[in-house]
Number of protein chains: 2
Amino acid sequence: MLAKAKRDRAAEQRAAVRAEIVEAAWELARERGLPGVTVRDVAERIGMRAPSLYTHFSSKMAIIDAMFGQAWIDYLEVIRVVDQDLPAHPRAALATVARTFFDFAAEDLVRYQLMNQRTLPGFTPSAESYAPAVEVLARLDDTLRGLGITDGETRDIFTSTLGGLVDQQLANDPTGDRWRRLIDRVIDMYADHLGLQGPPLWEQS
Amino acid sequence: MLAKAKRDRAAEQRAAVRAEIVEAAWELARERGLPGVTVRDVAERIGMRAPSLYTHFSSKMAIIDAMFGQAWIDYLEVIRVVDQDLPAHPRAALATVARTFFDFAAEDLVRYQLMNQRTLPGFTPSAESYAPAVEVLARLDDTLRGLGITDGETRDIFTSTLGGLVDQQLANDPTGDRWRRLIDRVIDMYADHLGLQGPPLWEQS
DNA sequence: GTCTATACACCGATAGAC
DNA sequence: GTCTATCGGTGTATAGAC
């Protein structure tokens, strides 16, 4: 029993150090982009030397992989909360889903690149890190099914249209809201295309 | 006169070498991604040593900048041809514009990343290299205006929706056509939203 | 587990001979 | 204009002392 408790404390300590490493890696990524994350600098930021990190991660890619997984887990937590009280109005529900995704993405360009774009040549997420991404998509499917959207192509149009707004925002106006302001119009356009009932979110002049 | 002719030949030679360098850089980028483009390897590919490249480009970034400019010039040439006989039917014209962009983008993932995404930390195109991109957007404005689309937001919806299809295609199904097949549906959705007349491109079952 | 020291490969860029 | 040689730096990763 004593031994058990001791092992648990050690495991907790190791997990804490791992989290500290990943957090430092995120800081560097935000400041200098994903390629700016180097083992040396991550170690320095938490008062370690580079070789010490290899006690906790087998390689730099393992650190990136942990960042990828954590980002999707963070988003999963966000939508778990949001999904609990989506508006009853279908268009408003779609707009809420869209705005939640948009804001999470726009909040952190580097995180979005890591999560959704193939920006790191050679990086492929591990099955473990990919799992929360799969769950996010499954939940989105559930939500859309609740609104009567069951067709795969129709779902693809939703995700790609939304992704397009995010991409343009991040690429061309990273600190503004030029494309965010279009969310309601785009949701109406999509809802009209589906024949979703209810008043439009956006009033054309 | 003789001196003039001699200078011209020298200038042509220099331009040819520059083009050769840029072409070799593209080959490397396609094979190994944009970060895989190194001055050494570009030089080796054309039978030179790395320092010799600095006779033709002041830095590696200058090479990337030339690649950026050339990519947009290439696309400009494509749409100059396509614009000459766009279909009379407005929806068909939109679909042609969309398919032209989509296919050019999907043809070369790395080129698309360089042209349209902020994937290289620290790279900002020079004014000269950016000029053809501006002209492409101006021509798109002309085309859309010809279809009665004059509002900036409405234009932004077109470009972002189209970009979204491309991004999803490249990120999730780079060799397939899962999102390309949605172009007609998406164009109809957009045209319906605008109140564009004419029969739909895509027949819902 | 963390450290120092270091290996090894690679990078962009420059100096100076030819 | 191209070369050889090299600088000063980067990177990931390992060996071995403590």
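Here is the naming used below: chain letters follow the sequence lines, and residue numbers restart at 1 for every chain.
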Q: Determine the contact category for A/Thr55: base if any of its heavy atoms lies under 4.0 Å from a base atom, sugar-phosphate if only primed atoms, P, OP1 or OP2 are that close, otherwise nothing.
A: base
Q. Would B/Phe158 and B/Val186 count as a side chain to side chain contact (heavy atoms under 4.5 Å, CB included) if you check the C-alpha gap in whole Å, the side-chain angles of each, and the deciding distance to 0.1 Å?
A. CA-CA 10 Å; B/Phe158 180 76; B/Val186 165; over 6 Å; no
**Q.** Interatomic distance where CD1 belongs to B/Ile46 and C1' belongs to D/dG1 [whole Å]
**A.** 12 Å
Q. Does A/Arg40 or A/Arg49 map to a spot on DNA chain C nearer the 5' end, using the closest nucleotide for each?
A. A/Arg49
Q) Atom CG of B/Leu28 to atom C1' of C/dC11: distance rounded to whole Å? A) 14 Å
Q: For A/Leu53 and D/dG11, give me the distance from atom CG to atom C1', rounded to whole Å.
A: 14 Å
Q) Between B/Glu44 (CD) and D/dT2 (C1'), how many Å, whole number? A) 16 Å
Q: State which of C/dT2, C/dT14, D/dT12 makes the closest approach to the side chain of B/Tyr54.
A: C/dT14
Q | Sidechain N-carboxylate O distance under 4.0 Å for B/Arg80, B/Glu135 | A | yes
(Q) Expressed as a whole number of angstroms, how long is the span from B/Met48:CE to D/dT4:C1'? (A) 15 Å
Q: Would you tell me whether A/Thr154 and B/Arg185 have side-chain atoms, one donor and one acceptor, within less than 3.5 Å of each other?
A: yes
Q.
Over all strands shown, is A/Ser52 touching base, sugar-phosphate only, or nothing at heavy-atom distances under 4.0 angstrom?
A. base
Q: Let me know, please, whether A/Pro51 or A/Asp41 comes out on the 5' side of the other along DNA chain D by nearest nucleotide.
A: A/Asp41
Q. With sugar-phosphate meaning primed atoms plus P, OP1 and OP2, does A/Gly36 contact a base, only sugar-phosphate, or nothing at under 4.0 Å between heavy atoms?
A. nothing
Q) Of A/Glu31, A/Glu23, A/Glu20, which meets salt bridge (Lys or Arg N to Asp or Glu O under 4.0 Å) against A/Arg45? A) A/Glu31
Q. Can you tell which of D/dA13, C/dG12, D/dT12 lies closest to the side chain of A/Val39?
A. D/dT12
Q: For B/Val37, answer base if it contacts any base atom (sugar-phosphate contacts may also be present), sugar-phosphate if it contacts only those atoms, and nothing otherwise; contact means non-hydrogen atoms under 4.0 Å.
A: sugar-phosphate
